[in-house]
Number of protein chains: 2
Amino acid sequence: MDGYDKYAHEPFAVTVDLAVFTLREGALHVLLVERGQEPYAGRRALPGGFLRPDESAETAARRELAEETGLSDVSGLHLEQLRTYSEPGRDPRMRVVSVAFAALLPDAPEVHGGSDAARADWVPYGTAGPLAFDHDRILADAHDRVGAKFEYTCLATAFCPPEFTLGELQQVYETVWGTELDRPNFRRKVLATPGFVEAVPGAARLTGGRGKPAALYRAGTATALHPPLLRPTREGRPA
Amino acid sequence: MDGYDKYAHEPFAVTVDLAVFTLREGALHVLLVERGQEPYAGRRALPGGFLRPDESAETAARRELAEETGLSDVSGLHLEQLRTYSEPGRDPRMRVVSVAFAALLPDAPEVHGGSDAARADWVPYGTAGPLAFDHDRILADAHDRVGAKFEYTCLATAFCPPEFTLGELQQVYETVWGTELDRPNFRRKVLATPGFVEAVPGAARLTGGRGKPAALYRAGTATALHPPLLRPTREGRPA
DNA sequence: CCTTTTATAGTCGTGCTGACTATAAAAGGG
DNA sequence: CCCTTTTATAGTCAGCACGACTATAAAAGG
């Protein structure tokens, strides 16, 4: 913050990019737009846009989230700043510094084009082919971050509807981590963590499917997990 | 990244701010500069500066780190992007978006004014009074991040000289966390984690002080800690 | 020589966790 | 209506990591 008068400060364009995740039919999906113009015309990209003069990056990200998903109320959704990407040349047209965010949605509303010209669609994670700009990297970073936060926070409930079964919560973990978990052990761990979930008194989900109906739970008041819920069999994961 | 042609993009000034930590005489110190001009003239601030047109934020941060500390080789030092601060009004003069970094130094070189006009000094953490701009918040966020990363990474060795004793490593943890640790248990945990430290074959530190000389260790090749080395007695720490 | 100080070794119990088995409650098919 | 399948829930058991603690070794200082 020093050197104000020593070096002329060049102006930069500042954008926000959003990695918006949801679960549809047991698979992790990402919200992507299709670019209609060069560069990367026809390629998919993360939704995002320019920061306005009176906005913080967080405000701009939430505005973009509302615009792209078409949701009227995005105030309760989980939105988290990832990091900032500033390599020269990441946009061939001009110098763009982009603040990346990750967002988690419980249910996947059909996106109706949003208010922007470009159509936004839910795409299964990993099937989108190469994205425009450095968005493959941003998306991978976002996925890593979400998976890591699942270990020591209650973030997984952000993917669940207001009331959910422990089986559904376990599927959230399994889908995001790409691993299978032991059901009794998962249950024991979740219920032993105070504030993670709280039981809905008399309710039981009649799933329509086979099997014994499961009890319903709501997200609790806790945000952190002590001790953490670690992923199975991961030796020497990079920091 | 969409909406390029829908909204005019206002230019922003982009800076990097650095929270540089080191340990001096068993206490955590931060590198701070004293501002010579308005706003916040006479107040201390985090070192930093404007992003140049051909630089990424990481490159600019490392350049500023070298300039402010006077170190010729900062390539091996730990430098980590924290987050980006973009609230309107955080700088009263103009719209500034700042990418914050945390850096860790093993030994504390006396800073000789640096190449900038403002003098930089090591200040004990927590004794600096209110800083300029939103730098108190940035500094607190940096300290939180470093403390949290100590739990599940080998980052603590970044505060140590090339060869160190386990007692010194333990002091690093105790200083950053502000808690005391049980020496035999800390020793057992560190040595049981493969790749955390490796013994220097025949060496023992003659500290000059009293007591049995301690064995010397070097930082190992591992970066992550599995399972983590958790802080004692912390129930319900915010995420 | 004895005390103090610091490093290192070892012990013991508790609690979390992974692996596994058992029971309960529903649907579906004969 | 019974029997199988499916899913939820309860319980068991061993291993291990960790906190708390005790014991020994090796130096310096008086």
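Letters A, B, ... are given to chains in the order of the sequence lines, protein chains preceding strands, and every chain is numbered from 1.
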| Of B/Pro184 and A/Asp182, whose closest DNA chain D nucleotide lies nearer the 5' terminus? | A/Asp182

| If you find the nucleotide of DNA chain D closest to B/Pro227 and the one closest to A/Leu166, which residue's nucleotide is nearer the 5' end? | A/Leu166

| request: State yes or no: are the ring centers of B/Phe21 and B/His29 separated by less than 6.0 Å? | output: no

| request: Decide if the gap between the ring center of A/Phe164 and the ring center of A/Tyr217 is smaller than 6.0 angstrom. | output: no

| remark: Per atom distances to the B/Ala214 side chain, the nearest of C/dG28, D/dC21, C/dT8 is C/dT8

| task | From the options D/dT9, C/dA19, C/dA26, select the nucleotide whose nearest atom is closest to the side chain of A/Pro213. | result | C/dA26

[N] [atom2] sits how many Å from [X] [atom1], rounded?
X: A/Asn185; N: C/dG15; atom1: CG; atom2: C1'; result: 14 Å
X: A/Glu180; N: C/dG18; atom1: CD; atom2: C1'; result: 15 Å
X: A/Phe186; N: D/dT9; atom1: CZ; atom2: C1'; result: 14 Å
X: A/Gln171; N: D/dA8; atom1: CD; atom2: P; result: 8 Å
X: A/Leu191; N: C/dC16; atom1: CG; atom2: P; result: 14 Å
X: A/Glu168; N: D/dT9; atom1: CD; atom2: C1'; result: 16 Å
X: B/Tyr152; N: D/dA17; atom1: OH; atom2: P; result: 22 Å
X: B/Tyr217; N: C/dA7; atom1: OH; atom2: P; result: 11 Å

| request: Report the relative orientation of the aromatic rings in A/His135 and A/Phe133; use parallel for angles under 30°, tilted for 30 to 60°, perpendicular for over 60°. | output: tilted

| task | Answer with base, sugar-phosphate or nothing: what part of the nucleic acid does B/Arg183 contact at a heavy-atom distance below 4.0 Å? | result | base

| message | Considering every strand and a 4.0 Å limit on heavy-atom distances, what is the contact class for B/Arg188: base, sugar-phosphate, or nothing? | response | base

| Can B/Arg83 be said to sit on top of B/Tyr85's aromatic six-ring, NZ or CZ under 6.0 Å from centre and within 45° of the ring axis? | yes

Considering just the side-chain nitrogens and oxygens of [X], establish if one lies under 4.0 Å of OP1 or OP2 belonging to [N].
X: A/Lys189; N: C/dT17; result: yes
X: A/Arg187; N: D/dA10; result: yes
X: A/Lys212; N: D/dT6; result: no

Counter-base of [N], judged by Watson-Crick or G-U geometry with both distances under 3.5 Å:
N: D/dG30; answer: C/dC1
N: C/dT21; answer: D/dA10
N: D/dG19; answer: C/dC12

| request: Determine whether B/Leu105 and B/Val74 make a side-chain contact, defined as any pair of heavy atoms from C-beta on separated by less than 4.5 Å. | output: no

